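Keep in mind that this is a model prediction, so the values were computed, not measured. Below, each value reflects all heavy atoms present in this structure, side chains not excepted, and no hydrogens, waters or symmetry copies.
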Amino acid sequence: MQTYGSDALLVDLPDLAAVRALDDRLRAHPLPGVVDVVPAARTLLVRLSGPSRVDAARDWITETLRQVAPSGPAAPAAAATPSIPSDDRTDEAPLVVLPVVYDGPDLDEVAGLTGLDVAEVVRRHTAATYTVAFGGFMPGFAYLTGLDPALHVPRRSSPRTRVPAGAVAVAGEFAAVYPAATPGGWRLLGTCDVPLFDVDRDPPALLVPGTRVRFAPTPSEAPDPASPAAAAEPVAAPEPPVTVTTPVTVEVRATGPLALVQDAGRPGLAAVGVGRSGAADAGALRRANRLVGNAPGAAALEVLLGGAVLAFPGGGVVALAGAEVPVAVDGVPVPAHQAVRVPPGGVLVAGSASRGLRLYVAVRGGVAVPEVLGSRSADRLAGIGPAPLEPGDVLPVGGAAHEAAQPWPDSPRVWPRAGEPVRLPVLPGPRPEWFAAGALDALGVSPYVVSPASDRVALRLEGAPVVRVEGGELPSEPVVPGAVQVPPDGLPVVFGADHPVTGGYPVVAVLTPGARDAAAQLRPGDRVLLVPGSG
């Protein structure tokens, strides 16, 4: 069992049956402070509400594993895990048939890696019956077991920055379909246009653990139109979402490069592939909300690089935190880190950020757009939550403040001097055996440069590659915000607020919570040192 960052535990288990058994035990007997339980291929992640909960959770898990272990001193360590009998009723599980156009950009490469021709790759991929083992990575993404061993191929050495929605893919022992556009490192075989996740469907994920899955070539490519797979009825399209009419309180006149609604996120859904999301700079969100008297996680606006113009027909009280941005109300400059009253009909104009990346604008009462799965956050990876704001949008505001407005007890963030690298404290990652000795310390020797390909999903860093010594493929396992993942090319990828729920590259380090907030304010071209720190 590994400590994973400051507030999580990663439990190594021998197989998927053991993972599912421990997952069942944790859900049947919830531990105080558990935020998320995330099963994967050979591991189970337990995320907690804070570092103070870690020791008690570790003791409970250790005792649970001891109780189900074989008795006697000769029992091997690997046997000290729960187990469940194999399910011999798989053929009774629901069957979903997914039509596929085999036009993937990696088809030829997979054929070369396997020694098969493309037609045989397609035949073997469609011949198997798969079972959903677990969810993860993103909403609706299901890890499918049953892939023909001849099609077991490694992930790409460097993940794509964008895999299109509906991409049918393989990696290692698993097959899957990407429900939405996202970065990813799997090999792409084709395209499927069936919606796999819909927040208005019950359950929202089409492929849940235990479901059987078949892939069928589209009719023009089908080798046998009379086959059961080709004749299967298509999956019904989801019903359109319900439109909710809400009162007008704040009018959006301009957004700058990107403006989103963000709150504290949607914890507790990672097991079905829904990440927490929420404000990229969580500390700045809490600070702005406290200043106007909102609950710490109330929804606010996250504005990239400034440029927003907001009108308040009925007035309001706002506060600013995060990036340094000149802001004026009706032409009069207003300070950051203070509550500011906007008169009825007043207009707030945010200029361009001089330092930092994301400005948070909290409004007393909180931005009250409709919740999606318990949160108002816009998850850019999953495509869940409110769409990016556009000129003409109108935003309702909640009716009451949480408490009296209070000043923030700490000093505002101290920005590094021009040209100096930003020092981000990190904790050891859970997979040190995959890296050369001293790899963690080496992260803080030479600065990395933030790549333009960075976003809310991850910071991509350019610089000296991290040396990996372990070969082969790491089974997909849960990841946490701030995890520093290292693909085979050695260039670190630091996960942000909209990170995938699971990943297949080893993690060398994990940013501390304060470092995650600082990372959310980094711009492309900024220099970074990842230095050993404490939680």
Once you round to the nearest 0.5 Å, how far does CG of Asp108 lie from CG of Asp117?
-> 10.5 Å
Looking at side-chain heavy atoms only, is the closest gap between Val501 and Val38 below 4.5 Å?
-> yes
Heavy atoms of Arg214 and Ala127 approach each other most closely as NH2-O, 3.9 Å
Using 4.0 Å as the upper bound for N to carboxylate O, is an ion pair formed by Asp455 and Arg380?
-> no
Does Ala520 offer a backbone N or O that forms a donor-acceptor pair with the side chain of Arg358 under 3.5 Å?
-> yes
Heavy atoms, side chains only, cut-off 4.5 Å: are Leu16 and Arg20 in contact?
-> yes
Short side-chain to backbone donor-acceptor contact, Ser277 and Gly265, under 3.5 Å | no
So CG of Leu530 and CG of Leu427: to nearest 0.5 Å the spacing works out to 11.5 Å
For residues Arg468 and Pro487, report the shortest heavy-atom separation together with the two atoms involved.
-> NH1-C, 3.3 Å
Just how far is it from atom CG of Leu357 to atom CG of Leu522, taken to the nearest 0.5 Å?
-> 8.0 Å
Does any donor atom in the side chain of Ser377 or Asp263 lie under 3.5 Å from an acceptor atom in the other side chain?
-> yes
Side-chain H-bond candidate by donor/acceptor type, Tyr143 with Thr502, under 3.5 Å = yes
For residues 480-495, pull every pair meeting side chain to side chain donor-acceptor pair (under 3.5 Å), keeping only residues two or more places apart or in separate chains.
-> Ser158-Asp489
Which atom names give the shortest non-hydrogen contact between Pro478 and Thr43, and what distance separates them?
-> CD-OG1, 3.3 Å
State, with a plain yes or no, whether a side-chain heavy atom of His125 is found less than 4.5 Å away from one of Leu147.
-> yes
With sequence neighbours excluded, give me every ring pair (Phe, Tyr, Trp, His ring centres under 6.0 Å) pair touching residues 438-459.
-> none
Side-chain donor/acceptor of Gln521 to backbone N/O of Asp281, under 3.5 Å | no
For residues Leu9 and Tyr4, determine if any side-chain heavy atom of one lies less than 4.5 Å from a side-chain heavy atom of the other.
-> no
Heavy atoms, side chains only, cut-off 4.5 Å: are Arg160 and Pro105 in contact?
-> yes
Lys/Arg N to Asp/Glu carboxylate O, Arg27 vs Asp23, below 4.0 Å | yes
When you look at Arg124 and Leu116, which way does the side-chain contact (heavy atoms from CB on, under 4.5 Å) test go after all the steps?
-> CA-CA 10 Å; Arg124 288 175 180 262; Leu116 306 172; 3.7 Å; yes
Do Tyr102 and Val100 come within less than 4.5 Å of each other through their side chains, counting heavy atoms only?
-> yes
Any Lys/Arg nitrogen of Asp12 or Arg431 sitting under 4.0 Å from an Asp/Glu carboxylate oxygen of the other?
-> yes
Given side chains that start at C-beta, do those of Gln2 and Val11 come closer than 4.5 Å, heavy atoms only?
-> no
Reported CG-to-CZ distance for the pair Leu304 and Arg523, which is rounded to 0.5 angstrom | 9.0 Å
Taking only residues two or more places apart in sequence, or in another chain, which ones meet Arg516 in a salt bridge (Lys or Arg N to Asp or Glu O under 4.0 Å)?
-> none
Measuring from Leu258:CG to Leu305:CG, what's the distance to the nearest 0.5 Å?
-> 9.5 Å
Counting distance only, does the side-chain N/O of Ser454 pair as donor-acceptor with the main-chain N or O of Ser451 below 3.5 Å?
-> yes
For residues 164-187, dump all side-chain donor-acceptor pairs below 3.5 Å to protein atoms at least two apart in sequence or in another chain.
| residue | atom | partner | partner atom | Å |
| --- | --- | --- | --- | --- |
| Glu173 | OE2 | Arg42 | NH2 | 3.3 |
| Arg187 | NE | Pro154 | O | 2.7 |
| Arg187 | NH1 | Glu109 | OE1 | 3.4 |
| Arg187 | NH1 | Glu109 | OE2 | 2.7 |
| Arg187 | NH2 | Pro154 | O | 3.3 |
| Arg187 | NH2 | Arg155 | O | 3.2 |

Specify the closest pair of heavy atoms between Asp517 and Ala282, including all atoms of both residues, with the distance to one decimal.
-> OD1-N, 3.0 Å
Take Asp36 and Arg47, measure what salt bridge (charged side-chain N to carboxylate O under 4.0 Å, His left out) needs, and give me the verdict at the end.
-> CA-CA 5 Å; Asp36 254 318; Arg47 285 204 67 194; 5.7 Å; no
Does Arg276 reach the main-chain N or O of Leu269 with its side chain, forming a donor-acceptor pair under 3.5 Å?
-> no
Keeping the roles fixed (side chain from Thr512, backbone from Ala515), state whether a donor-acceptor pair exists under 3.5 Å.
-> yes
Sequence neighbours excluded, the answer for side chain to side chain contact (heavy atoms under 4.5 Å, CB included) partners of Ala436 is Val467, Val469
For Pro139, side chain to side chain contact (heavy atoms under 4.5 Å, CB included) partners two or more places apart = Phe197, Val274, Ala382, Ile384
side-chain contact (heavy atoms from CB on, under 4.5 Å) between Val96 and Leu207: does it pass, once the steps are laid out?
-> CA-CA 8 Å; Val96 173; Leu207 305 181; 4.1 Å; yes
Check for a donor-acceptor pair, side chain of Asp441 on one end and backbone N or O of Gly438 on the other, with a separation under 3.5 Å.
-> no
Nearest atoms (heavy-atom pairs only) where Leu424 meets Ala518 | CD2-CB, 3.7 Å
Hey, is Arg456 close enough to Asp498 for a salt bridge, meaning N to O under 4.0 Å?
-> yes
Begin from the C-alpha positions of Leu461 and Val494 and carry the test side-chain contact (heavy atoms from CB on, under 4.5 Å) through to its verdict.
-> CA-CA 8 Å; Leu461 302 182; Val494 184; 3.9 Å; yes
Rounding to 0.5 Å, atoms CE (Met138) and CG (Asp379) come to a distance of 8.0 Å
Please walk me through it: do Thr114 and Val153 pass side-chain contact (heavy atoms from CB on, under 4.5 Å)?
-> CA-CA 7 Å; Thr114 59; Val153 293; 3.6 Å; yes
How about Val46 and Leu26: do any of their side-chain heavy atoms sit closer than 4.5 Å?
-> yes
Of all the heavy-atom pairs spanning Pro475 and Ala41, show the shortest one and how long it is.
-> CB-CB, 4.0 Å
Describe, in one word, how the ring planes of Phe215 and Tyr130 are oriented to each other, choosing from parallel (under 30°), tilted (30 to 60°) and perpendicular (over 60°).
-> perpendicular
